[in-house]
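Okay, structure first, notes after.
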There are 2 protein chains.
Amino acid sequence: MQIKNIIEEKNLKLTAARRELLEIFNFEQRPLCFEDIKDKINMDKATFYRNILMFEKESIVRGFESNDKKRYYEIQGSAHSHFICNLCNDIECLDEVRPKKLSGYTIVDTIYKGICKVCNKES
Amino acid sequence: MQIKNIIEEKNLKLTAARRELLEIFNFEQRPLCFEDIKDKINMDKATFYRNILMFEKESIVRGFESNDKKRYYEIQGSAHSHFICNLCNDIECLDEVRPKKLSGYTIVDTIYKGICKVCNKES
DNA sequence: AGATTCGTGCGAGTAAGTTGCATTTAAGTA
DNA sequence: TACTTAAATGCAACTTACTCGCACGAATCT
Ligand SMILES: [Mn+2]
Ligand SMILES: [Mn+2]
Ligand SMILES: [Zn+2]
Ligand SMILES: [Zn+2]
């Protein structure tokens with residue numbers, strides 16, 4: 001979907017900062033934190049976090065905390081779970097669609113933590 | 001298991017601080033962060049975090065990051081997964097034993113995020 | 001007792017994220 | 001196209017969950 005459409009669909013102003021952010025998240029299609037992209041973007045960190053907050057509220061991106069105390073954000077696409085390595089802190093998107101059900105709960109995200117393929121081989 | 005045994009099994013010194021921590025974690029049997037217990041314990045936060053680090057290294061407790069940017073620690077018992085509510089930040093232990101397998105990966109922990117029973121009723 | 005080792009308290013430092021405020025800008029209206 | 005205004009931005013100060021260096025203290029060994 002076009003970035004312009006994403007923004008207009010939610011009745012948000014299309015600013016340079018928002019376009020920049022959505023272009024990166026749309027291209028990368030993986031979870032990124034502020035540190036990952038701060039050198040590629042042309043805005044203050046306050047602007048980054050305020051826009052991300054808005055994107056999360058509007059369900060344009062989704063975020064989660066990783067082991068490194070940073071929050072990672074990813075554009076909303078098809079539902080999938082994530083694997084976070086306890087050793088190298090790498091985050092992987094798993095293609096698995098989670099049919100997991102828990103009565104009374106709404107499961108939005110599933111995160112597996114453990115040791116990734118690379119780190120498993122090295123040990 | 002007795003606290004004294006847990007410590008001696010790992011060849012650690014049983015200090016007052018360590019006994020205090022393990023007594024609380026053993027009694028509570030749920031994930032706790034520093035803030036949760038700081039008023040119940042008699043040690044500096046540096047001592048708390050240094051001992052927790054040791055406990056994690058020795059697989060006496062296990063920790064994970066929650067939505068509130070705090071790390072929660074829980075004594076190692078039977079394997080189970082956790083649910084973290086995106087609205088009230090409550091953490092629940094799920095009795096489910098994870099049968100989940102992923103080739104090449106070692107899954108140590110599973111965290112579900114979403115909306116808990118209480119918050120689901122309120123909305 | 002003296003020496004070595006490990007644990008602890010204290011205070012300062014770190015870093016991700018947040019907030020208040022003055023200024024700028026997108027976008028609707030004339 | 002100029003005018004208007006609410007919303008977005010940059011900057012700097014702030015918050016907070018840890019982390020680290022260091023001096024002191026307690027246990028253990030000889
Ligand atoms: Mn993903
Ligand atoms: Mn638990
Ligand atoms: Zn890894
Ligand atoms: Zn809840």
Next on the checklist: Need one value for B:Ala17: base, sugar-phosphate or nothing, where a base atom within 4.0 Å counts as base even if backbone is also close, heavy atoms only.
Outcome noted: sugar-phosphate

Next on the checklist: I need the CG-P distance between A:Asn11 and C:dA27, as an integer number of Å.
Outcome noted: 11 Å

Checklist entry - Aromatic rings B:Phe34 and B:Tyr49: how do their planes relate, parallel, tilted or perpendicular, breaks at 30° and 60°? => result tilted

Checklist entry - Can you find a donor-acceptor N/O pair under 3.5 angstrom joining the side chain of B:Arg50 to the base of C:dG9? => result yes

Next on the checklist: How many whole angstroms separate atom CD of A:Glu8 from atom C1' of C:dA26?
Outcome noted: 12 Å

Checklist entry - Where each residue is assigned the nucleotide of DNA chain C containing its nearest heavy atom, which of B:Ala46 and B:Lys13 is assigned the position nearer the 5′ end? => result B:Lys13

Next on the checklist: Rounded to whole Å, how long is the line connecting atom OH of A:Tyr49 with atom C1' of D:dT9?
Outcome noted: 16 Å

Next on the checklist: Please confirm whether the shortest side-chain N or O distance from A:Lys45 to OP1 or OP2 of C:dA16 is below 4.0 Å.
Outcome noted: no

Item to check | Integer-rounded Å distance: C:dT24 C1' and A:Met43 CE | outcome: 16 Å

Checklist outcome for this item: Given the options B:Ile107, B:Val108, B:Thr110, B:Ile111, A:Lys113 meets side-chain contact (heavy atoms from CB on, under 4.5 Å) only with B:Ile111

Checklist outcome for this item: Judged by nearest nucleotide, the residue sitting upstream toward the 5' end of DNA chain C, A:Ile7 or B:Arg18, is B:Arg18

Item to check | Distance, rounded to the nearest Å, where B:Leu12 contributes CG and C:dT5 contributes C1' | outcome: 14 Å

Checklist entry - Picking from D:dT9, C:dA27, C:dT8, which would you name as closest to the side chain of B:Thr47? => result C:dT8

Checklist entry - Atom CE of B:Met54 and atom C1' of C:dT8: how far apart are they, to the nearest Å? => result 14 Å

Next on the checklist: Any side-chain to backbone donor/acceptor pair from A:Asp90 onto A:Cys85? Under 3.5 Å, distance only.
Outcome noted: no

Item to check | Over all atoms of both residues, closest heavy-atom pair of A:Lys40 and A:Glu28 | outcome: NZ-OE2, 4.0 Å

Checklist outcome for this item: To the nearest angstrom, the CG-P distance between B:Asn42 and C:dG9 comes to 7 Å

Checklist entry - Which of the following nucleotides, D:dA12, C:dG9, D:dA8, is nearest to the side chain of A:Asp44? => result D:dA12

Checklist entry - Atom CZ of B:Arg71 and atom P of D:dT16: how far apart are they, to the nearest Å? => result 21 Å

Next on the checklist: So, does B:Thr15 get its side chain near the phosphate of C:dG7, meaning an N or O under 4.0 Å from OP1 or OP2?
Outcome noted: no

Checklist entry - Closest heavy-atom contact between B:Lys10 and B:Glu58? => result NZ-O, 2.9 Å

